[in-house]
Engineer: 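Here it is: the structure, laid out below.
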Amino acid sequence: MSTLWSPFVHDLVPYVPGEQPRIENLVKLNTNEHPYGPSPKALAAMQVALTDDLRLYPDPSSTKLRQAMAARVGLEASQVFVGNGSDEVLAHAFNAFFRQPEAILFPDITYSFYKVYAQLFDIRYELVPLNQDLAIDPADYAKANGGVIFPNPNAPTGCLLPLASIRAVLTANPTRVVIIDEAYIDFGGDSAVSLVNEFDNLLVTQTLSKSRALAGLRVGMAFGQRHLIDALERVKDSFNSYPLGRLAQAGAQAAIEDEGYFQSTCDMVIMQRNSLVAQLQRRGFEVLPSAANFVLAKHPAFAGAALCAGLREQAVLVRHFATPRISDYLRITVGTPDQHKALLTALDELLA
Ligand SMILES: Cc1ncc(COP(=O)(O)O)c(C=O)c1O
């Protein structure tokens, strides 16, 4: 605290990211990173871009990257926006669309950055409780609001809504922007990007941090009709014209173009998720149905916080949220077979 701060900074409650500790032989299953590395073609493209040209500013519009992203999903480059991680894209979207007189709606249990952005930008919000299965009910979003946002699949539950439900939310809110945050969509869901040309109020955000194993590069994107992208560009150019550096643009483009590597590594994560769920259930865990690269699981006989702390002592990191309704759960990122073996061995010791 300091009297030199702008007064509103005193009241900010910032987002707390998952730990990134430097512990040797750590089994790190706490921040939903991809267990297999990025596309070798992405790494090679960044090596090629590592030249004296770094003295020059990058393309402020990331034109080639946006063209590659658009081509992959059958849209125009003018329907794609990119930013420094989807967190930045979301921040611009909150500014561009959610500064409305009415409160915006998002689930009571969801990505905690939404609350942080609402607070930062002075946006009123109303939390919409998940149903008794900890799932989103689209009917709950059919009321007056300043905008709607939720992840699909939701985080940290992993629960997926079908496209028919997304369509219902879009239809119920024709005069407000509905943002579908698809950070985890590539691990088994149908993307709402296919609805972009049909709904002028739909913005879909995605990221290269999860399914393309590039969390360290910080690249996120949004798909929407041109009038929505134009608003995002206005906000971006009022904040930072060069959100993506030369290396990020080159690496992200090559990653997007390497469809084969992307598909095969996503398939591996899905296979590993299925095996992890079965192994946890065998040990008595209740596991929510997940379409993401993590699972939310609770054991009827052990508190989530105690299990999380016990695992940490054995150098296995998972995430625990001291949040009502999910405080008994652990969120476990899907890892490699070796990482799962370490996790399960440590769990067996704790449960014994
Ligand atoms: C639901 C959701 N949205 C967005 C993000 C932000 O991802 P990034 O800024 O790495 O693109 C995350 C990261 O964990 C997330 O869980």
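Counting convention: from 1, in listed order, for ligands and their atoms alike. In this text, all values refer to a predicted model and were calculated from it rather than measured experimentally.
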Engineer: Any non-hydrogen atom of K210 lying under 4.0 Å from ligand 1?
Structural biologist: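 K210 counts as a contact of ligand 1 under the 4.0 Å cut-off.
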Engineer: Please determine whether any non-hydrogen atom of F113 lies less than 4.0 Å from an atom of ligand 1.
Structural biologist: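 No heavy atom of F113 comes that close to ligand 1.
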Engineer: Heavy-atom distances under 4.0 Å decide this one: backbone, side chain, both or neither, for R218 against ligand 1?
Structural biologist: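 Side chain only.
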Engineer: Are the charged groups of E198 and R167 less than 4.0 angstrom apart, N to O?
Structural biologist: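 Salt bridge flag = yes for R167 with E198.
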Engineer: Side chains of E88 and N240: is there a donor and an acceptor less than 3.5 Å apart?
Structural biologist: no
Engineer: Given I149, T207, T205, identify the one with the heavy atom nearest to atom 11 (O) of ligand 1.
Structural biologist: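 Among I149, T207, T205, the closest heavy atom to atom 11 (O) of ligand 1 comes from T207.
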Engineer: Nearest protein heavy-atom contact for atom 6 (C) of ligand 1: which residue, which atom, what distance?
Structural biologist: D87 OD1, 3.1 Å
Engineer: Check E102 with R176, please: is the shortest side-chain N to carboxylate O separation under 4.0 Å?
Structural biologist: yes
Engineer: State if D181 counts as touching ligand 1 under the rule of any non-hydrogen atom under 4.0 Å.
Structural biologist: yes
Engineer: Flag the pair D348 and R283 as a salt bridge only when some basic side-chain nitrogen lies within less than 4.0 angstrom of an acidic carboxylate oxygen.
Structural biologist: yes
Engineer: Just wondering, are more than 12 heavy atoms of other shown residues or ligands nearer than 6.0 Å to CD in E259?
Structural biologist: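 Yes, CD of E259 has more than 12 neighbouring heavy atoms, counting only those of other groups under 6.0 Å.
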Engineer: Examine ligand 1 and decide if any of its atoms is less than 4.0 Å from a heavy atom belonging to G85.
Structural biologist: yes
